[in-house]
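Residue numbers count from 1 along this sequence. Values reported hereafter were calculated over all heavy atoms of this structure, with side chains retained and with hydrogens, waters and symmetry mates removed.
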Amino acid sequence: MVGVEVSGGAWLISHAGADRAWAEWAAWQLVDAGFPVELDYWDWGAGDNFVLKMNAALDRGRFLALFSPAYFEPDRFTTPEWTAIVAMKEKITPVRVAEVVAEPILRPLIAPDLFGIGEEAARRVLLEAVSGPRRPTVAPAFPGALRQLGGSGPRLPGSLPRVWNLPARNASFTGRDTFLVRLRQNLAANSRVAVQALHGRGGVGKTQLAVEYTHRFAGEYELAWWIAAEDPALIPDQLATLATRIGAAPAGAPSADAVEALSGELRTRSRWLLVFDNIEDPAVLASYLPGGGGHVLITSRSPHWKAHATPLDVDVFSRAESVALLHAHGAVLSHTDADRLALALDDLPLALAQAAALLTDGLSAADLTAELARNTAEVLAEGRPADYPVSLAAQVRLTTTRLAADHPGAAALISALSLLAPEPFPVTACAGHLPDSTPLADALATRLTGTTAVRAITRHSLARAQDGTVQLHRLTQTVLRDQLTDDQREQAARDAEALLTAADPGDVGLPLTWTAWRVLLPHLLAMDPALISSEAGRDVVRTACWYLMDRGQARTARDRLQKLHHVWSRQLGPDHEGTLWTAQYLARAHSDTQDHEGARALDEDTLRRRRRLLGEDHPHTLSTASNLAINLSALGLTEEARDLSEDTLSRQRRVLGEDHPDTLRTASNLAVQLSALGRTEEARDLGEDILTRRRRVLGEDHPDTLGTASNLAVDLSAVGRTEEARDLGEDTLSRQRRVLGEDHPDTLATASNLAINLSAVGRTEEARDLGEDTLSRQRRVLGEDHPDTLGTASNLAINLSALGLMEEARDLGEDTLARRRRVLGEDHPDTLRTAKLLELLDDTRDEPDVEW
């Protein structure tokens with residue numbers, strides 16, 4: 001050994017996480033030579049402040065830098081380490097542990113190589129770099145210093161154990177440095193046998209991670225053995241071979257005896273590693289887990305390992321890792337194309353490797369993207385990399401075939417989910433609500449049987465499960481959908497529709513259903529309307545659009561309803577009830593997006609058809625008539641709207657009764673129309689009657705009740721009862737904020753009206769603040785050109801003028817007028833009202849009129 005002189009403080013080992021094995025080896029050699037060493041993995045605990053610990057270490061001692069490509073990556077913690085040393089003008093002692101060119105400021109420093117030479121030579125180079133080549137002047141440190149850390153110390157990184165059967169290293173392996181460091185920390189932190197289970201979906205790279213770990217940290221073990229565990233029956237013979245190899249059992253001994261002898265031997269040893277690759281049943285492995293001071297690494301699609309191991313979820317690549325993998329496999333493409341391709345392939349390593357293989361075979365990035373859009377499963381059946389046993393498409397098909405054999409209901413569930421959105425689906429909410437005796441209905445007969453089905457799916461890592469929901473991986477879902485035969489697709493469509501109707505949350509007007517609607521909504525929007533065959537299925541899909549409109553997302557609802565109406569009109573005919581209901585919902589969407597003419601045309605056509613098909617007094621006919629009256633009013637045809645509403649209300653009272661929700665809805669709309677015509681006393685009386693009935697029938701906090709209260713507050717103010725109007729408005733706003741939320745369109749309408757009331761009772765500053773807050777929210781929720789937004793803006797301009805802020809009032813008024821002329825037209829009453837406001841702002845002697 002080379003003699004050294006120990007002086008100064010401790011040596012801080014500065015290294016990249018990917019080079020942990022080198023850091024531990026180097027630290028071990030320095031300790032054995034008597035040098036004090038500070039290594040983050042050994043000396044810094046959980047919760048320590050990294051920056052403070054690093055600065056303290058630099059103040060106390062010297063700096064040994066392990067140069068490698070990873071060391072100079074800009075986002076590494078090593079960057080502030082070496083830049084801090086350079087700034088302090090302290091000496092860096094560098095060594096290279098891989099082929100790399102240092103940063104320009106560090107290139108003058110001599111950095112001897114530790115790699116590519118034997119262990120003794122590497123040790124000599126390291127110690128000479130630290131202390132210089134000189135004869136000792138003091139007695140060498142007692143060799144027992146090494147044993148203070150336990151064991152015999154790591155071997156030179158890259159050197160292989162004597163007992164070894166690991167697969168060859170993947171030369172194209174890239175990324176995962178952070179994960180590998182975490183895995184090493186977890187294994188090294190346990191004094192007893194450490195068992196780590198890498199689990200995740202097929203193609204995510206679990207086996208490649210295990211192979212890379214064993215090669216990168218091979219120097220930490222004296223024995224490393226790989227067991228192909230997919231077929232449990234083959235495990236004993238592979239362990240028996242290891243027992244014979246290390247002399248724990250004689251050649252030819254029965255497998256059971258050899259396995260038992262191996263377990264006994266390993267319990268007396270340390271620094272060994274067993275890798276069980278691709279095992280699915282944790283119970284099978286339990287009897288093969290030895291005790292002792294070694295490590296066990298498991299790869300599995302199943303996440304259910306907590307009873308036997310520490311589970312580590314292996315997820316897809318980061319986008320940067322995906323792009324690096326494509327380039328590492330030889331694909332030549334721009335960063336934009338690589339990013340687009342990685343997005344399409346869900347950042348899944350196997351899919352990316354297959355794509356890279358196809359690109360290197362001559363397919364262009366544009367052609368590959370187009371082929372993926374056409375049939376993902378077909379593309380991912382090609383281009384299998386040499387280091388993967390099967391393609392992703394073959395892997396998905398094999399897994400689903402096994403699932404169908406083990407649990408037909410679970411297989412039916414994932415086939416159905418492949419036709420829906422790649423978002424969590426509330427499976428347990430469907431339990432007991434599926435109509436037919438099918439494998440899916442049997443699987444979801446109860447919440448308990450549903451849990452069993454979900455567990456079968458997650459055991460194969462085809463989906464994630466949490467809180468009663470199941471979520472298919474996006475790429476897996478696409479492959480599953482593409483692999484369905486025509487007959488399978490028909491059955492999957494029936495099952496998907498059954499799931500949607502079974503999960504129907506109920507009355508979209510009740511706030512307690514909104515959370516469930518929010519979860520179900522992506523699937524209802526994703527379902528192909530051509531695959532829906534029942535009126536119950538069509539109804540729940542339409543109602544999802546109503547939910548969107550109630551949330552202020554009318555454009556999204558309109559686009560979806562247009563597609564539904566087009567498909568179902570063609571399938572069912574224009575007179576079918578399913579088509580007519582869809583037309584009625586679409587009319588509201590047009591109205592909510594300010595296309596009142598389009599809404600009127602749809603409602604008039606639907607009303608003619610329903611009068612002919614159902615009669616003038618049928619509830620569906622009267623519902624359409626009530627909606628048409630709303631559109632007529634929005635177009636400024638208030639007298640015509642009033643006449644139609646009065647006729648409809650009279651018929652509904654006779655046919656449905658005075659307390660029926662449809663009757664009360666028409667009455668509420670009539671009250672608004674009467675108010676618009678200046679018949680405020682009648683409007684107020686009708687509003688008070690409606691509010692009393694709705695409070696009794698629906699409850700005080702029902703959204704329809706609160707809508708009536710908000711309208712009544714307007715009518716009370718119009719007849720001079722401003723204090724009552726303000727009190728009712730404040731109470732209604734408080735309830736709506738609690739029940740509907742602060743940004744709900746109904747809440748914002750009430751707030752806008754309350755601002756007017758506050759101004760009317762002299763609370764002008766409060767009115768201005770509430771108006772500004774409401775306008776900001778409406779612009780964000782409804783858009784700058786929505787009539788409610790423009791009404792609030794017009795009233796805010798009045799408040800600003802009352803406070804003497806004439807320039808602000810005029811600017812806001814002019815902007816509002818321009819928007820109303822564009823959206824509503826020159827002759828619309830609201831446009832004319834804003835134009836009058838601007839005239840009055842030029843003559844402060846007149847009091848501007850507020851609008852409601």
Side-chain angles (χ1 to χ4, degrees), residues 629-630 632-634 636-639 641-643 645-646 649 664-695 704-733 735-736 745-764 766-768 770-771 774 787-788 790-799 801-802 816 820 824 828-837 840 846-852:
I630 297 173
L632 293 172
S633 181
L637 303 172
T638 316
E639 292 280 359
R642 188 269 327 272
D643 292 343
S645 290
E646 286 179 338
L649 180 59
L664 295 175
R665 188 172 296 115
T666 300
S668 183
N669 293 332
L670 176 57
V672 174
Q673 292 152 12
L674 290 171
S675 180
L677 290 168
R679 294 162 60 177
T680 51
E681 292 285 351
E682 295 176 65
R684 191 254 347 258
D685 292 343
L686 183 57
E688 287 178 335
D689 178 70
I690 298 166
L691 182 58
T692 299
R693 294 177 184 276
R694 277 185 159 166
R695 282 173 171 170
D704 289 350
T705 306
L706 296 174
T708 299
S710 183
N711 291 336
L712 179 57
V714 175
D715 293 334
L716 289 171
S717 181
V719 297
R721 293 160 60 178
T722 52
E723 292 291 343
E724 292 178 65
R726 183 207 58 203
D727 292 344
L728 181 57
E730 287 179 336
D731 177 73
T732 303
L733 180 60
R735 292 175 185 272
Q736 285 177 321
D746 289 357
T747 305
L748 297 175
T750 300
S752 183
N753 292 335
L754 178 59
I756 298 172
N757 279 325
L758 291 173
S759 181
V761 296
R763 292 160 61 178
T764 316
E766 293 178 65
R768 191 267 315 272
L770 181 58
T774 304
D788 287 359
L790 297 175
T792 300
S794 185
N795 290 328
L796 178 58
I798 295 170
N799 280 332
S801 68
T816 303
R820 278 185 157 168
L824 303 176
H828 192 281
D830 290 347
T831 306
L832 297 175
R833 192 175 294 115
T834 303
K836 180 183 177 183
L837 166 66
L840 294 174
D846 294 325
E847 180 73 17
D849 294 330
V850 298
E851 59 180 273
W852 298 85

Worksheet item: Run the side-chain contact (heavy atoms from CB on, under 4.5 Å) check on Arg642 and Arg679 step by step: do they pass?
Response: CA-CA 11 Å; Arg642 188 269 327 272; Arg679 294 162 60 177; 2.4 Å; yes

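- Residues Thr764 and Ala802 share a closest heavy-atom pair of CG2-CB, 4.1 Å.
- In summary, the side chains of Thr705 and Arg695 do not present any donor paired with an acceptor at a separation below 3.5 Å, with no hydrogens or angles considered.
- Screening residues 748-762 for salt bridge (Lys or Arg N to Asp or Glu O under 4.0 Å), with sequence neighbours left out, gives no hits.
- In this structure, Asp685 has no side-chain hydrogen bond (donor to acceptor under 3.5 Å, both in side chains) partners at least two apart in sequence or on a different chain.
- A pairwise comparison of heavy atoms in Ala755 and Leu770 identifies N-CD2, 3.8 Å as the closest pair.
- Glu723 pairs by the side chain to side chain contact (heavy atoms under 4.5 Å, CB included) definition with Arg726, Val761, not counting sequence neighbours.
- Here Thr831 contributes atom OG1 and Lys836 contributes atom NZ; the two are 15.0 Å apart, rounded to the nearest 0.5 Å.
- Residues that satisfy the side chain to side chain contact (heavy atoms under 4.5 Å, CB included) test with Ser710, not counting sequence neighbours, are Thr732, Thr750, Asn753.
- Between Ala767 and Ser759 the shortest heavy-atom distance is CB-N, 3.7 Å.
- For the pair Gly687 and Leu712, the tightest heavy-atom approach, listed with the atom from each and the gap, is C-CD1, 4.1 Å.
- With values rounded to the nearest 0.5 angstrom, Arg665 atom CZ is found 9.0 Å from Ile630 atom CD1.
- The distance from the CG atom of Asp643 to the CD atom of Gln673 is 9.5 Å, given to the nearest 0.5 Å.
- Residues that satisfy the side chain to side chain contact (heavy atoms under 4.5 Å, CB included) test with Asp788, not counting sequence neighbours, are Gln778, Leu782, His786.
- Judged by distance alone, with hydrogens and angles left aside, the side-chain atoms of Ser752 form no donor-acceptor pair with the main-chain N or O of Leu748 at under 3.5 Å.
- Qualifying side-chain hydrogen bond (donor to acceptor under 3.5 Å, both in side chains) partners for Ser633, counting only residues two or more places apart in sequence or in other chains: none.
- Every residue meeting the salt bridge (Lys or Arg N to Asp or Glu O under 4.0 Å) condition with Asp689, not counting sequence neighbours, appears here in chain and number order: Arg693.
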- Message: Would Asp830 and Leu790 count as a side-chain contact (heavy atoms from CB on, under 4.5 Å) here? Give the steps.
- Response: CA-CA 9 Å; Asp830 290 347; Leu790 297 175; over 6 Å; no

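- Residues passing the side-chain hydrogen bond (donor to acceptor under 3.5 Å, both in side chains) test with Arg763 are Glu730, Glu766, sequence neighbours excluded.
- Judged as a side-chain hydrogen bond (donor to acceptor under 3.5 Å, both in side chains), and not counting sequence neighbours, Asn711 has no contacts.
- A donor atom on one side chain and an acceptor atom on the other are not found under 3.5 Å apart for Asp715 and Thr680.
- Taking both residues in full, the closest heavy atoms of Leu754 and Gly729 are given as CD1-C, 4.1 Å, listed atom of the first, atom of the second, then distance.
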